[in-house]
Peer 1: 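Dropping a structure here in structure tokens format, bear with me for questions.
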Amino acid sequence: MNRPWTADLGNGSYRNPVLNADWSDPDVVRVGADHYLTASSFGRAPGLPLLHSRDLVNWTLVGNALDRVEPADDFARPRHDAGVWAPSLRHHAGRFWIFWGDPDHGVQQINAEHIEGPWSAPHLLKPGRGFIDACPLWDEETGEAYLVHAWARSRSGIKNRLTGHRMSVDGRELLDAGRTLVDGDRLPGWFTLEGPKLHRHDGHFWIFAPAGGVETGWQGAFRSREFFGPYEERVVLSQGRTDVNGPHQGGWVRTAAGEDWFLHFQARGAYGRVVHLQPMRWDAEGWPVIGDAGEPVATHPKPAVPEQPVTAPAVDDDFPGGAHGKQWQWTANPRPGAWIEQSEQSEQSEQSEQSEDSGHSGPSADGLRLTCVRTADAHDLRLLPNVLVQRLPAEEFTVEVDLVLHSDEPGAKAGLAVLGDAFCWIGLEAGADGTPRLVHRYAEGVAESERDAAEARASPGGRARLRIEVTAGARCRFSADTGYGFRPSGQVFAATPWRWVAALLGLFATAPAGTAPAGTALFTTFRATH
């Protein structure tokens, strides 16, 4: 399989990043011989992606823990920098637990007996604004439970501080008002302290937490004999002489063989927060040493586990049974039945067994049929909740998809997009007389509506094969084949991220406001290659 990126070098070593896409704010846990990872999903749904690996190098996406972002009404429209921030994944008392901070609503928690679910409904553990990056700890020695979180200054006016609570063992109640565990303002040179991960090791409470800013900071470690401190600190990972800026928050995990590893992210602009794997050991004074003497590694021997198949999270999609794979998310909470036209075959396929390589359920079928949703916001993809998106899968890749527009409603359109603070798309639109034509449009970050990136041209039969070639720097070249071979369209477009979220690949179908059905768009054979 021609994947855009794999980390396994096939010779017993791996290269970083092990996840070369926007798996922001990763956290990891081991259960038996299996490792599981989750990441921020912000306002997209389904949220809280769940990845699985045996060797911490080869990962597959196995599902999502959160069907809808709560409160549901708040996420009926896109909120690209809100919602699920920096989750923590733990396993305790035979259950998986995920805690996260929603900066506008508070600390939430869900849990499940099995990683594939069913997951409980979100429980609001600590309501309020500004509480982010929440992480629990169950102390197996004493039977007590704790919670630590950071602060978002944009909502609370507070930053550079970590706050701790005692927590009920069922994870549903905090037992005190909370106390400051670490005040970064009291540490010379430390600023923007956030992203704490709480552990118990060697008689100490440990907090792994980054500081110094997402693009420019370092990874710190704090330890104390008592949960409420005092804590001593040390920088345990920094950019040093490497090109890995940050490096930012992540999670420590110990394999079944007893090896220690640390997964963290690196902010890479439009590509988002890619995930690196670092070896970890303990020095003579009991402090963690991450990477190569505290600097990130580019390549390294893999963890000591049995050889695993080379794989990476799914990107390609044949949309079997009319359903999309687990790698896709909506830009807001979905409206069941309103955005996808589902056949009986599609409904049956959703109950079929999952394919690990494609991320789907079900047998092969006829593709994904999106409804041309009528809206007054059709001029701006950033405002639409019905855009189906997935991550940019590598630094350089080519993505293609087949599209047929089944609509003669003037202004009905569908296409393949690169979506961020600015966006650009290529696709099909029904003209004033209902005749389909190939169009290419874009909008700058400051623009309130899209405009043409190239002249429209005829599209016989309302069919096109659409292509985006992405090169270093997230520079995107658009082209399309309407029956005469691929022809380039417009100028190079430089993808841009949102504030905390990478640029995304998107599929959409929409139409001008109205009441009558406006038709559908059929997407088939979505492929991404290096």
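All figures in this text were calculated on a predicted structure; none of them were measured in a lab. Nothing fancy with the numbering, it's 1 onward along the sequence.
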Peer 1: Can you tell if the side chain of Thr6 reaches within under 4.5 Å of the side chain of Thr311, non-hydrogen atoms only?
Peer 2: no
Peer 1: Do the side chain of Thr331 and the main chain of Leu384 share a donor and acceptor less than 3.5 angstrom apart?
Peer 2: yes
Peer 1: Is there a side-chain contact between Leu61 and Pro49 (heavy atoms, below 4.5 Å)?
Peer 2: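 In short, these two side chains touch, coming nearer than 4.5 Å.
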Peer 1: Assess whether side chain to side chain contact (heavy atoms under 4.5 Å, CB included) is satisfied between Gln327 and Val315, documenting all intermediate values.
Peer 2: CA-CA 7 Å; Gln327 65 267 37; Val315 180; 5.6 Å; no
Peer 1: Checking Ser41 side chain against Val84 main chain: does a donor-acceptor pair fall under 3.5 Å?
Peer 2: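 Checked: no pair found.
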Peer 1: Consider ring-ring contact (aromatic ring centres under 6.0 Å, His included). Of Trp282, Phe222, Tyr231, which one does Trp206 pass it with?
Peer 2: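 Passing option: Trp282.
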Peer 1: Assign the ring pair Phe205 / Phe227 to parallel, tilted or perpendicular, where the plane angle (0 to 90°) is split at 30° and 60°.
Peer 2: perpendicular
Peer 1: Quick check: do Arg54 and Asp34 have side-chain heavy atoms less than 4.5 Å from each other?
Peer 2: yes
Peer 1: Is there side-chain contact between Leu263 and Leu37, with at least one heavy-atom pair below 4.5 Å?
Peer 2: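 Answer yes - side chains close enough.
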Peer 1: Measure the spacing between CG of Asp55 and CG of Asp8 and express it to the nearest 0.5 Å.
Peer 2: 6.5 Å
Peer 1: Would you say the side chains of Gln109 and His123 form a donor-acceptor pair under 3.5 Å?
Peer 2: no
Peer 1: Return the orientation label for the Phe265 and His248 ring planes: parallel under 30°, perpendicular over 60°, tilted otherwise.
Peer 2: tilted
Peer 1: Has Thr496 got a side-chain atom pairing as donor or acceptor with Ala422's backbone, closer than 3.5 angstrom?
Peer 2: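 Yes, because the side chain of Thr496 sits within donor-acceptor range (under 3.5 Å) of the backbone of Ala422.
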Peer 1: Please evaluate residues Val501 and Asp81 with respect to the criterion side chain to side chain contact (heavy atoms under 4.5 Å, CB included), reporting the C-alpha separation (whole Å), side-chain torsions for both, the decisive distance (0.1 Å), and the verdict.
Peer 2: CA-CA 7 Å; Val501 181; Asp81 62 352; 5.5 Å; no
Peer 1: Between the side chains of Gln219 and His264, does any donor sit under 3.5 Å from an acceptor?
Peer 2: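 Side chains of Gln219 and His264: no pair found under 3.5 Å.
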Peer 1: Check whether any side-chain heavy atom of Pro296 lies under 4.5 Å from a side-chain heavy atom of Leu237, and answer yes or no.
Peer 2: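 In contact.
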Peer 1: Quick one: sort the His149 and His165 rings into parallel, tilted or perpendicular, breaks at 30° and 60°.
Peer 2: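 Parallel: the ring planes of His149 and His165 meet at under 30°.
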Peer 1: Can Glu307 and Lys302 be counted as an ion pair, charged N to O under 4.0 angstrom?
Peer 2: yes
Peer 1: Around atom CZ of Arg475, are there more than 12 heavy atoms from other residues, nucleotides or ligands closer than 6.0 Å?
Peer 2: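 Not buried by this count: 12 neighbours or fewer within 6.0 Å.
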Peer 1: Might you point out which heavy atoms bring Val418 and Phe478 nearest each other, and give the distance in Å?
Peer 2: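 Nearest pair, atom of Val418 first, then Phe478: CG2-CZ, 4.2 Å.
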Peer 1: Can you establish whether the number of heavy atoms outside Arg172 located under 6.0 Å from its atom CZ is more than 12?
Peer 2: no
Peer 1: Should Val182 and Leu187 count as side-chain neighbours, where that means a heavy-atom distance under 4.5 Å?
Peer 2: yes
Peer 1: Evaluate the criterion side chain to side chain contact (heavy atoms under 4.5 Å, CB included) for residue pair Val253 and Leu56; output intermediate values, then yes/no.
Peer 2: CA-CA 10 Å; Val253 65; Leu56 297 172; 4.0 Å; yes
Peer 1: For Arg527, is there an ion pair with Glu400 - N to carboxylate O distance below 4.0 angstrom?
Peer 2: no
Peer 1: Using a strict cut-off of less than 4.0 Å between a Lys/Arg side-chain nitrogen and an Asp/Glu carboxylate oxygen, indicate whether Arg129 and Asp104 qualify as a salt bridge.
Peer 2: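 Yes.
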Peer 1: Under a 3.5 Å distance rule, please check whether Gln329 uses its side chain to pair with a backbone N or O of Pro46 as donor and acceptor.
Peer 2: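 Flag set: sc Gln329 to bb Pro46 pair under 3.5 Å.
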Peer 1: Show, in sequence, the C-alpha distance, side-chain angles and deciding distance for Trp85 and Asp133, and conclude whether the side chain to side chain donor-acceptor pair (under 3.5 Å) test is met.
Peer 2: CA-CA 6 Å; Trp85 283 22; Asp133 306 352; over 6 Å; no
Peer 1: Could you check if a side-chain atom of Leu277 sits within less than 4.5 angstrom of a side-chain atom of Trp261, using non-hydrogen atoms only?
Peer 2: yes
Peer 1: Please find the pair of heavy atoms, one from Thr192 and one from Gly213, that lie closest to each other, and give the distance.
Peer 2: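 The pair with the smallest heavy-atom distance is CB-N, 4.0 Å.
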Peer 1: Find out whether Leu174 and Tyr146 are in side-chain contact, i.e. whether some heavy atom of one side chain is under 4.5 Å from a heavy atom of the other.
Peer 2: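 They are not in side-chain contact.
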Peer 1: Please check if the number of heavy atoms outside Glu396 that lie under 6.0 Å from its CD is greater than 12.
Peer 2: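 More than 12 heavy atoms, drawn from other residues, nucleotides or ligands, come within 6.0 Å of this atom.
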Peer 1: Answer yes or no: does atom CZ of Arg234 have more than 12 heavy-atom neighbours from other residues, nucleotides or ligands under 6.0 Å?
Peer 2: yes
Peer 1: Please name the pair of heavy atoms, one in Gly250 and one in Lys197, separated by the smallest distance, quoted to 0.1 Å.
Peer 2: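 Closest pair (atom of Gly250, atom of Lys197, distance): O-CG, 3.2 Å.
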Peer 1: Mind running ring-ring contact (aromatic ring centres under 6.0 Å, His included) on Tyr36 and Phe96 for me, showing each step along the way?
Peer 2: CA-CA 10 Å; Tyr36 300 98; Phe96 291 92; 5.3 Å; yes
Peer 1: Any salt bridge linking Arg273 with Asp25? Criterion: basic side-chain nitrogen under 4.0 Å from a carboxylate oxygen.
Peer 2: yes
Peer 1: Begin with the C-alpha distance, continue with both residues' side-chain angles, and end with the deciding distance and a verdict on ring-ring contact (aromatic ring centres under 6.0 Å, His included) for Trp97 and Trp119.
Peer 2: CA-CA 9 Å; Trp97 302 77; Trp119 288 81; 9.3 Å; no
Peer 1: Tell me whether the rings of Trp328 and Phe319 are parallel (<30°), tilted (30 to 60°) or perpendicular (>60°).
Peer 2: tilted
Peer 1: Whether the Glu395 and Asn20 side chains hold a donor-acceptor pair (N or O, under 3.5 Å, no angle test) is what I'd like checked.
Peer 2: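 Glu395 vs Asn20: no donor-acceptor pair found between side chains.
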Peer 1: Is there a donor in the side chain of Trp100 and an acceptor in the side chain of Ser88, or the other way round, less than 3.5 Å apart?
Peer 2: no
Peer 1: Would you say the ring centers of Trp59 and Trp23 fall short of 6.0 Å from each other?
Peer 2: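 Centroid separation for Trp59 and Trp23: 6.0 Å or greater.
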Peer 1: For His199, check ring-ring contact (aromatic ring centres under 6.0 Å, His included) against everything at least two apart and list the hits.
Peer 2: Phe208, Trp252
Peer 1: Charged N to carboxylate O below 4.0 Å: is that the case for Arg254 and Asp260?
Peer 2: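 A salt bridge links Arg254 with Asp260.
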Peer 1: Could you go through Phe131 and Trp151, starting from their C-alpha distance and side-chain angles, then the distance that decides it, and tell me whether this counts as ring-ring contact (aromatic ring centres under 6.0 Å, His included)?
Peer 2: CA-CA 5 Å; Phe131 309 139; Trp151 294 81; 5.2 Å; yes
Peer 1: When the ring planes of Phe508 and Trp425 are compared, do they come out parallel, tilted or perpendicular, using 30° and 60° as the limits?
Peer 2: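 Geometry flag for Trp425 against Phe508: perpendicular rings.
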Peer 1: Between Val69 and Gly83, which heavy-atom pair has the shortest distance, and what is it?
Peer 2: CG1-CA, 4.3 Å
Peer 1: Do any pairs count as a salt bridge (Lys or Arg N to Asp or Glu O under 4.0 Å) and have a residue in residues 214-226, sequence neighbours left out, and if so which ones?
Peer 2: Arg223-Glu232
Peer 1: For the pair Asp74 and His105, evaluate side chain to side chain donor-acceptor pair (under 3.5 Å) and give the outcome as yes or no after the intermediate values.
Peer 2: CA-CA 10 Å; Asp74 284 12; His105 299 99; 2.8 Å; yes
Peer 1: Provide the closest heavy-atom pair for Leu392 versus Ala21 in the form atom of the first, atom of the second, distance.
Peer 2: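 Scanning both residues completely, I find the closest heavy atoms to be O-CB, 3.3 Å.
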Peer 1: Between Arg79 and Arg44, does a side chain to side chain contact (heavy atoms under 4.5 Å, CB included) hold up when you go through it step by step?
Peer 2: CA-CA 8 Å; Arg79 299 187 63 198; Arg44 303 192 302 273; over 6 Å; no
Peer 1: Taking all heavy atoms of Pro103 and all of Arg155, pick out the closest pair and write down the distance.
Peer 2: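 Reported closest heavy-atom pair: O-CG, 3.2 Å.
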